[in-house]
2 protein chains.
Amino acid sequence: MKREIDRSLVSGSMAMLVMKLLEGGDKYGYEMTEELRRRSDDTFHLKAGTLYPLLHSLEEKGLVEAYEREAAAGKPRRYYHLTGRGRLALSEKEETWEAYSRAVYRVLKGVECSAGA
Amino acid sequence: MKREIDRSLVSGSMAMLVMKLLEGGDKYGYEMTEELRRRSDDTFHLKAGTLYPLLHSLEEKGLVEAYEREAAAGKPRRYYHLTGRGRLALSEKEETWEAYSRAVYRVLKGVECSAGA
DNA sequence: TGACATATATAGGCGACCGATATATAATCC
DNA sequence: GGATTATATATCGGTCGCCTATATATGTCA
């Protein structure tokens, strides 16, 4: 079931979603793409070309920390850990998201704010 | 009250919101920025530099039609009308938006899909 | 006269995200 | 043995959404 989402609507929230995944425990990149796809019910297809630069930029900002660990087989994995500042940034982004989606809802459903319409 | 939203989260849905405004009747550009600000409870500050190019592109795609009308005073106003194709595109965008925000909700709230977590 | 609100318009730029491509390792299949 | 696929990370170049800055013209009010 491929419910591919219009890319123009998907912008901006990937950093929040990735950090949200890390809230539940340290993870490596490839794992995140899989988990995001599963948890979003196949809605988000986070690409490698998006994810890895995103993780690097989060690391630069001190929102995540990385460490390498060998896997049972294959290439060693680069795990990411959400820092304290990362948790703070995440909760801010969540608040922002909720305000944003509430506002969209208000416009779409025609809810007027105190002015009865 | 200035609840300015992080721009990186606001991307992508402006075309939908603008068409939604036009669903309630023909409007001119400046009017839309005011109404969007009001209907979103001061969350969306749609700028002229965003709106007018957006309206032009919607017109090119045949989703809206424009006509000029003189105002009681000041510059003549350019009204926009949502076409049939525009209404169709709008309802698609609304569906897309709802699927997207539902998916974000699922990730944020940790709702697993049938796999009990 | 000069500031401000109304009203539309474009150029230039920034940043998010993706496609294409490259890399290395291991398993599977023929 | 060779080809393909899955795992795993990485970068470059490009597209596209939105904004800042700027320009334009008109009317009002101090």
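A, B, ... follow the sequence lines: proteins, then strands. Residue 1 opens every chain.
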Problem set entry | Distance below 4.0 Å between A/H56 side-chain N/O and D/dT11 OP1 or OP2 | yes
Exercise. Could you state the CD-P distance from B/E70 to D/dA25, rounded to the nearest angstrom?
Worked result: 17 Å
Problem set entry | Short side-chain N/O contact from A/K47 to OP1 or OP2 of C/dG19, under 4.0 Å | yes
Exercise. Whole-Å distance between C/dG19 C1' and A/L51 CG?
Worked result: 15 Å
Problem set entry | For atom CZ of A/F44 and atom C1' of C/dA16, their distance in whole Å | 14 Å
Exercise. Among the nucleotides C/dT23, C/dC17, D/dC18, which one has an atom lying closest to any side-chain atom of B/M14?
Worked result: D/dC18
Seminar exercise, completed: side chain to side chain donor-acceptor pair (under 3.5 Å) filter on B/E94, not counting sequence neighbours, yields B/K20
For this session: Provide the closest heavy-atom pair for B/R39 versus A/G110 in the form atom of the first, atom of the second, distance.
Result: NH2-CA, 3.8 Å
For this session: Return no unless some side-chain N or O of B/R77 is found under 4.0 Å from OP1 or OP2 of C/dA7.
Result: yes
For this session: Hey, could you give me the CG/CG distance between A/L21 and A/D26, rounded to the nearest 0.5 Å?
Result: 12.5 Å
For this session: Say whether, by atom type as modelled, one donor and one acceptor occur between the side chain of B/R106 and the main chain of A/S40 under 3.5 angstrom.
Result: yes
Exercise. Which of these nucleotides, D/dC18, C/dA9, D/dA10, is closest to any side-chain atom of B/T50?
Worked result: D/dC18
Problem set entry | Selected nucleotide, minimal atom distance to A/Y30 side chain, candidates C/dA7, D/dT11, D/dT9 | D/dT9
For this session: Taking all non-hydrogen atoms of both residues into account, name the closest pair between B/G29 and B/L51 and its distance.
Result: O-CD2, 3.2 Å
Problem set entry | Protein-nucleotide distance (B/Y52, atom OH; D/dC18, atom C1'), rounded to Å | 16 Å
Problem set entry | Proximity to the side chain of A/A48 - top-ranked nucleotide from D/dC18, D/dT9, C/dT8 | D/dT9
Exercise. Which sits closer to the 5' end of DNA chain C, A/G49 or B/G49, going by the nucleotide each is nearest to?
Worked result: B/G49
For this session: Measure the distance from CG on A/L58 to P on C/dC17 and round it to the nearest whole Å.
Result: 11 Å
Problem set entry | For atom CG of A/L46 and atom C1' of D/dT7, their distance in whole Å | 16 Å
Problem set entry | Donor-acceptor pair, side chain of B/K93 and main chain of B/A15, under 3.5 angstrom | no
Seminar exercise, completed: From CD of A/E31 across to P of D/dA6 the rounded distance in Å is 19 Å
Exercise. Under 4.0 Å between a side-chain N/O of B/Y28 and OP1 or OP2 of C/dA7, yes or no?
Worked result: yes
Problem set entry | Closest nucleotide among D/dA8, C/dT10, D/dA25 to the B/K75 side chain | D/dA25
For this session: Give me the bend of the helix from C/dT1-D/dA30 to C/dC30-D/dG1, using the axes of the five pairs at each end, rounded to 10°.
Result: 0°
Exercise. Between B/Y67 and B/Y79, what is the ring plane arrangement, given parallel below 30°, perpendicular above 60°, and tilted in between?
Worked result: parallel
Seminar exercise, completed: Taken to the nearest whole Å, CD/A/E60 to C1'/D/dT11 is 14 Å
Problem set entry | Main-chain N/O of A/L46 paired to A/T50 side chain as donor or acceptor, under 3.5 Å | no
